[in-house]
There are 2 protein chains.
Amino acid sequence: MELRHLQYFKAVAEELNFRKAADRLFISQPGLSRQIRQLEELLGVQLFERDQKHVQLTPAGVYLKGEVDFVLNHLETTRTQLKQIDSGKIGELRIGFLGSASNRVLPDLLQKLNEKQPGITTSLEELSNAMQVEMIQKDRLDLGYVRMAIVPEGLSKKTVLKDSFSVVVPLDHGVNSSNFNSLSQFSEEAFILFSSDYSKYYYDQIMGICRDAGFSPQIRHKSVHALTIFKLVENRMGVAIVPTSLKEGYELKVRFLEIPNTSQYTELSAIWKPENRNPALKRVLALL
Amino acid sequence: MELRHLQYFKAVAEELNFRKAADRLFISQPGLSRQIRQLEELLGVQLFERDQKHVQLTPAGVYLKGEVDFVLNHLETTRTQLKQIDSGKIGELRIGFLGSASNRVLPDLLQKLNEKQPGITTSLEELSNAMQVEMIQKDRLDLGYVRMAIVPEGLSKKTVLKDSFSVVVPLDHGVNSSNFNSLSQFSEEAFILFSSDYSKYYYDQIMGICRDAGFSPQIRHKSVHALTIFKLVENRMGVAIVPTSLKEGYELKVRFLEIPNTSQYTELSAIWKPENRNPALKRVLALL
DNA sequence: ATATTTGATAACTGATAGGTATCAATGGAG
DNA sequence: CTCCATTGATACCTATCAGTTATCAAATAT
């Protein structure tokens, strides 16, 4: 059985006249007659009652007509949907991000998406730098928000946020914005850092900043979540160095001190695989 | 576009390998390759990503696979329905049920069906709760008899039986109907339950009943068949808690003790998909 | 380095969808 | 009643194209 049979059946069922149906289908009447007979043989069921002057549907034919209408209609809408998906008007984008992107960058993107590309749905997942890279390379993620200076071979990058670093201290800490001038003031403090397996590059960079200031930090705690780090600082478990933009978006009971005179900064970048064929990705990249 | 294209597409989408798919379809690999390419041209959409070693679906291909599965399955059931209707029937109703429906509810339905709608034939299958839900959602089942408090989104439900629970004990067990007053009398017994993969909800509920009675049951055996459970009880392998209505319909050598004063009860419900197009289903629903 | 596997290409062939010409049966118009 | 238009079915032809075999180059695996 082929769709041809069903389309022909539909025409005959509607016209109840082989010649008119054949005309509508732009084929000859004998050809149509044969295809209908073949359909009846294939299904093992008589669909039309033909006496020499009239054609009408059998009960089985009536049932089949309903189902054929349904199926052909369904296939038609499937075709138009397919076109939409292929052009990226609708589709799903799988986004990975570091926690630090969830303050401004990610909400910005989602809002812009909702405005300009409402057909695109997203699936969001907070993941480490390394995991995002791996998943993008394996086509398990379309877009990632990471912190790294150089991206692995084969991935594209666009920086969306350039961030200085700040020292995070308890509110009652002796150093404040008026007397803070060098990071070396914290050389004897305990430090709280992001875990290196969450972002190796990030970890190394903070170590570099301290080295520039002439000391090697004592690391007491490591965590993967910014909020946890802030809580630890608040409870005087140490001080932390984090991207300045993390200041926004939390109800903070800690003090941020932007580190002056340092060429060190961190970039939040969107990364993706140029060969990625998800059409929704192209549209989203145009928005970045 | 013809059904052939869709069938071939389905095979390739499942195998993700042109040669294996061609073997499965009993055609040659070049022929299959050409048909798929033609389908892509007809739809104006790329469906597969082929590099020289791997084949994978594009997002459009993923979408099409879902629709094709649906359409081909729908056409298949249409064929069997057609046969039924052609032989003077109204259609076939595919019914799934839990074993506990086979005592009263299912025979009742079948008898009523035989009386009021003799044109409807049935195909019956004993299936777990989860399997029934899945098959109904995929249009592989028309009506299911399940035990669950809330049905998944998109399915309709009608409760057909409200059942209390009974403890099942051997005939010579110390506890009988005159001295039974609390489930806690069984707190030290070994228990035999229905497997949780048969009906998660049911399993949890029995655990809840015991918790209400102030103990956590020692579970020694699990089984999916009521009769097996009764046999185990008969041979003093433990006691069981089952819906009271299971008492009927078996030649029992065990004793049922209805649990008093519990708000716990179990409902046997008929579930179906409202969009289901089976004409026999509409008629049967009118009988419920 | 060798063998095996992948999908794509090229050229051939056989089945069949659709064409033309015609038929017998029916029913409406005169 | 006759005539004629209209119905679907039949017989035969043909051009298309689905599916074939025989290859290929590229990529793994051994």
Side-chain angles (χ1 to χ4, degrees), chain A residues 1-58 60-62 64-65 68 72 75 137-139 153-154 273 275 277, chain B residues 1-58 60-62 64-65 68 72 75:
Chain A
M1 186 172 65
E2 290 296 341
L3 281 180
R4 178 183 59 250
H5 294 114
L6 302 184
Q7 285 152 350
Y8 291 1
F9 168 79
K10 181 169 146 76
V12 177
E14 281 167 7
E15 300 286 347
L16 292 177
N17 179 317
F18 279 75
R19 273 199 150 76
K20 283 186 190 137
D23 286 351
R24 198 173 104 182
L25 295 164
F26 302 109
I27 61 170
S28 68
Q29 172 266 314
L32 177 59
S33 283
R34 187 138 64 87
Q35 289 299 310
I36 295 294
R37 185 154 22 88
Q38 194 181 8
L39 177 62
E40 289 178 322
E41 280 162 15
L42 284 165
L43 295 172
V45 165
Q46 193 171 345
L47 300 170
F48 293 102
E49 205 70 60
R50 317 93 149 135
D51 62 23
Q52 288 288 21
K53 201 68 188 179
H54 293 287
V55 174
Q56 59 180 339
L57 286 162
T58 62
V62 171
L64 184 61
K65 174 160 168 33
V68 165
L72 293 182
L75 283 175
Q137 284 169 332
K138 285 185 181 168
D139 286 325
E153 184 72 15
K273 193 169 153 187
E275 309 94 282
R277 302 225 354 120
Chain B
M1 185 173 65
E2 291 296 341
L3 282 179
R4 179 184 59 250
H5 293 113
L6 302 184
Q7 285 152 350
Y8 290 2
F9 168 77
K10 181 167 143 70
V12 177
E14 282 168 5
E15 300 287 346
L16 293 178
N17 178 319
F18 279 76
R19 272 197 150 81
K20 283 190 190 128
D23 286 349
R24 197 172 105 182
L25 295 164
F26 301 109
I27 61 171
S28 67
Q29 172 264 314
L32 176 59
S33 283
R34 188 138 62 85
Q35 291 298 309
I36 296 293
R37 186 155 18 91
Q38 193 181 4
L39 176 63
E40 289 178 322
E41 280 160 17
L42 284 164
L43 295 172
V45 165
Q46 192 171 348
L47 301 170
F48 292 102
E49 199 70 57
R50 314 96 149 133
D51 63 20
Q52 287 288 20
K53 203 67 189 179
H54 291 128
V55 174
Q56 60 180 337
L57 286 163
T58 63
V62 171
L64 183 62
K65 173 158 169 36
V68 164
L72 294 182
L75 284 175

Candidates C:dT22, C:dG7, D:dG19 - which lies nearest the side chain of B:Val55: C:dG7
Residue pair A:Glu49 / A:His54, side-chain heavy-atom distance below 4.5 Å: no
Stepwise side-chain contact (heavy atoms from CB on, under 4.5 Å) test for A:Leu75 and A:Leu3: CA-CA 10 Å; A:Leu75 283 175; A:Leu3 281 180; 3.8 Å; yes
Atom-pair distance (CZ on B:Arg19; C1' on D:dG19), nearest Å: 15 Å
Spacing of B:Gln7 atom CD relative to D:dG19 atom C1', expressed in whole Å: 15 Å
Under-4.0 Å side-chain N/O to phosphate OP1/OP2 contact, A:Arg34 with C:dG18: no
C:dA17 phosphate, OP1 or OP2, under 4.0 Å from A:Arg4 side-chain N/O: yes
Sugar-phosphate only, base, or nothing, as touched by B:Gln38 at under 4.0 Å among non-hydrogen atoms: sugar-phosphate
Whole-Å gap separating P (D:dG8) and CD1 (A:Ile36): 11 Å
Sugar-phosphate, base or nothing in reach of B:Asp51, heavy atoms under 4.0 Å: nothing
Nucleotide C:dA17, atom C1' - distance to CZ of A:Phe26 in whole Å: 18 Å
Listed nucleotide nearest any side-chain atom of A:Pro30, set D:dT10, D:dG8, C:dA17: D:dT10
Under 3.5 Å: donor-acceptor pair, side chain of A:Gln7, backbone of A:Leu72: no
Position toward the 5' end of DNA chain D (nearest nucleotide), B:His54 or A:Arg37: A:Arg37
Selected nucleotide, minimal atom distance to B:Arg50 side chain, candidates D:dG19, C:dG7, C:dG18: C:dG7
Flag, side chain of A:Gln56 to backbone of A:Leu16, donor-acceptor distance under 3.5 Å: no
D:dG19 OP1/OP2 closer than 4.0 Å to side-chain N/O of B:Ser28: no
Separation of C:dT6 P from B:Phe48 CZ (nearest whole Å): 16 Å
Rounded distance (Å) that lies between atom C1' of C:dA8 and atom CG of B:Leu32: 12 Å
N/O donor-acceptor pair under 3.5 Å between A:Glu40 side chain and A:Phe48 backbone: yes
Sugar-phosphate only, base, or nothing, as touched by A:Tyr8 at under 4.0 Å among non-hydrogen atoms: sugar-phosphate
Sugar-phosphate only, base, or nothing, as touched by B:Gln29 at under 4.0 Å among non-hydrogen atoms: base
